[in-house]
Amino acid sequence: MTTFCLLQISLVLLCTTKISTLDCNILPLLHNKVIQGNLHLLNQMGQQFPEQCQSEKMHFKFPEQFLKLRQKENAKVEIQEILQQTFYIFTKNLTLAAWDGRSLERFQNRLNQQIEHLEACLIEKKQPYSRSEEIIRLKLKKYFQKIDNFLKHKQYSLCSWEIIRLEIRRCLQFIDKVIRRLRN
Ligand SMILES: *[C@@H]1O[C@H](CO)[C@@H](O)[C@H](O)[C@H]1NC(C)=O
């Protein structure tokens with residue numbers, strides 16, 4: 001393990017102490033319009049979906065039905081997984097995406113902050129994942145693997161990125177709905 005990595009771990013541990021004073025039982029994401037902010041930046045970074053990309057569209061089968069019935073505690077794990085994987089996708093080769101760099105950067109930074117916050121809360125909890133959580137995590141991993149493969153296969157073309165931007169928007173809209181339901 002590198003020194004940098006160790007430093008990161010100690011930082012996370014340090015932060016955990018601070019965050020534990022917050023209420024980690026409720027999703028930090030319940031406050032403000034966090035996901036809506038992500039969606040806003042996602043919209044802002046590009047234009048309308050280009051007509052010439054229609055024919056390349058693909059169905060990635062987001063595992064909606066598995067996420068619908070989740071309880072608040074479990075939802076944290078899944079939301080963290082989704083944000084983490086989304087962040088990972090948006091670190092791929094974006095050269096051809098032709099998006100607004102500022103919005104893209106803000107989107108990446110935001111995701112990063114949200115992931116760190118959720119991670120700190122999950123470390124606090126320290127429970128191993130339950131079987132149903134593992135299943136959902138696997139389903140999510142598969143879903144994002146498909147997205148990853150698609151981009152690779154299309155060589156990170158403009159159309160492939162626009163299709164993924166649309167897909168991630170749908171995915172985040174779904175999380176937003178789940179969070180709203182949990183709040184009520
Ligand atoms: C990213 O994609 C562009 C365009 O296809 C290519 O020229 C560049 O070498 C790629 N960058 C990396 C780091 O792979």
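All ligand and atom numbering here is 1-based and tracks the order in the structure.
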Residue and atom name of the nearest protein heavy atom (relative to atom 5 (O) of ligand 1), distance in Å to one decimal: Leu96 CD1, 3.9 Å
Under 3.5 Å: donor-acceptor pair, side chain of Trp161, backbone of Asn93: yes
Polar contact flag, side-chain donor to acceptor under 3.5 angstrom, Asp176-Gln36: yes
Closer than 4.0 Å: a protein non-hydrogen atom to atom 14 (O) of ligand 1: yes
Closest non-hydrogen atom pair, Gln54 against Phe49: N-CE2, 3.8 Å
Nearest non-hydrogen protein atom, atom 3 (C) of ligand 1: Asn93 ND2, 3.7 Å
Leu42 backbone acceptor or donor facing Arg165 side chain under 3.5 Å: yes
